[in-house]
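Following: one structure in structure tokens, then a few remarks.
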Amino acid sequence: MPVSLRQSGRLLLAWYRRNARDLPWRRTRDPYAVWVSEIMLQQTRVEAVIPYYERFLARFPDVKELAKAPEAEVLERWAGLGYYRRARQLQAAAKQIVERHGGVFPADYESIRELPGVGEYTAAAIAGIAFGLTYAALDGNVMRVMARLHNDGRDIGQARTRKSMQAEAQRWIDAMPVADFADFNQATIELGATICTPRSPRCLGCPLSAGCLARREGNQGSLPYKSARQRVEKLDMAVAIVERRGRLLMRQRPDDEKLMPGFWELPQYASSRIDAHAFAALGIELGERIGAFKHAITFRAYSGQVYQGTLEGERPDEYRWIHGSRLVL
DNA sequence: CACACGTGGCC
DNA sequence: TGGCCAAGTGT
């Protein structure tokens, strides 16, 4: 027998109230703090976020402090978390809140959604947690829970699947009593994060297992379906450390570069083999190999070698000497 | 729509 | 150990 939306929602909420992890951002409904946590949690694990969240809130306790801080300091507190555009957009949004809303965090979905870095998911999450508004927050966890609950084999990479699941999630939250709105999104997410996990779901501890169609069919391990990702392309590259009086030879990538526009980089060359000629063209002679690194992004995996380099003659036009103290590692 | 964007954990 | 993934957004 299928379980009603309201009934499964009740079971889920009761489970959540007994089993929710005690996370720092759950101790507040301050929209600023909720917002910072949601941005940090995008594509990032809870355990990784916690120390960053604590340090960030200690240094920037409210919208105004964040808005007026030097960008370098914001990035410094973010260093190591990844997706650095999030940090820049967070501050841009703080400035937007100061300018358009007098420094008071906006309390309506549309204004929240207009903040840079805040998409559909994040706007719904903030609106629900901080303001008790009924917007279904659809993230990877919720899609997994729903796909399994309905034994839904559609590709969750497809926009139309997400749109349909968004509507289902909305019907679910709309079926709940007003008092439960603030917790409901989080309850589904928490279930996905701790019970209805991507691998080896713990169905025995799941409050929804009785009504879960995937479990009935034995499909819980193979849902949700995601179409195959593009094959990873492996690339070799080499970079040269060219040092002169404590400064490094670097160039800033043009703003119209497709990959990493505006980023500073060391003299480098990417190919299927190390090509000393590419460095020679810059007047750089390669010396001893002093290190190696790996870096993967989307479907490219770089394997890099680091060489000591010497510049013969003048620096190439595009390059500048950058003092080591200006590098944030 | 496909792709860029980081990092660490897991098997 | 390398491939895959994890609380998305912007272009």
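Here the structure is a predicted model, which is why all the values come from computation and not from measurement. Chain identifiers are assigned alphabetically (A, B, ...) following the order of the sequence lines, protein sequences preceding nucleic acid strands; residue numbering begins at 1 within each chain.
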Anything under 30° is parallel, anything over 60° is perpendicular, the rest tilted; go ahead and classify A/F184 against A/W172.
perpendicular
From B/dA4, B/dT7, B/dG9, pick the nucleotide closest to the side chain of A/R45?
B/dG9
Quick one: label A/R144 by what it contacts on the DNA or RNA (base, sugar-phosphate, nothing), any heavy atom closer than 4.0 Å.
sugar-phosphate
Between A/D183 and A/R29, is the salt bridge (Lys or Arg N to Asp or Glu O under 4.0 Å) condition met? List the steps.
CA-CA 11 Å; A/D183 280 347; A/R29 295 217 164 156; 3.1 Å; yes
Any side-chain to backbone donor/acceptor pair from A/Q89 onto A/P116? Under 3.5 Å, distance only.
no
Does A/Q42 place a side-chain N or O at less than 4.0 Å from the phosphate oxygens OP1/OP2 of C/dG8?
no
Donor-acceptor pair, A/R86 side chain versus A/I39 backbone, under 3.5 Å?
yes
Measure distances between side-chain N and O atoms of A/T44 and base N and O atoms of B/dG8, and say whether any donor-acceptor pair falls under 3.5 Å.
no
Whether the side chain of A/Q96 engages the backbone of A/H101 through a donor-acceptor N/O pair (distance < 3.5 Å, no angle test) should be reported.
no
From B/dC1, C/dG10, C/dA6, nucleotide with atom closest to A/A159 side chain
B/dC1
Is the backbone of A/R320 close enough, under 3.5 Å, to the side chain of A/R315 for a donor and an acceptor to pair up by distance?
no
Gap in Å between the two P atoms, one belonging to B/dG6 and one to C/dG2, rounded
23 Å
So, with a heavy-atom separation below 4.0 Å from DNA chain B, the residues of residues 9-34 of chain A are none
Side chain of A/Y84, heavy atoms from C-beta onward: which of B/dC5, B/dT7, C/dA6 has the nearest atom to it?
B/dT7
Looking at DNA chain B, which of residues 105-133 of chain A put a heavy atom within less than 4.0 Å of it?
none
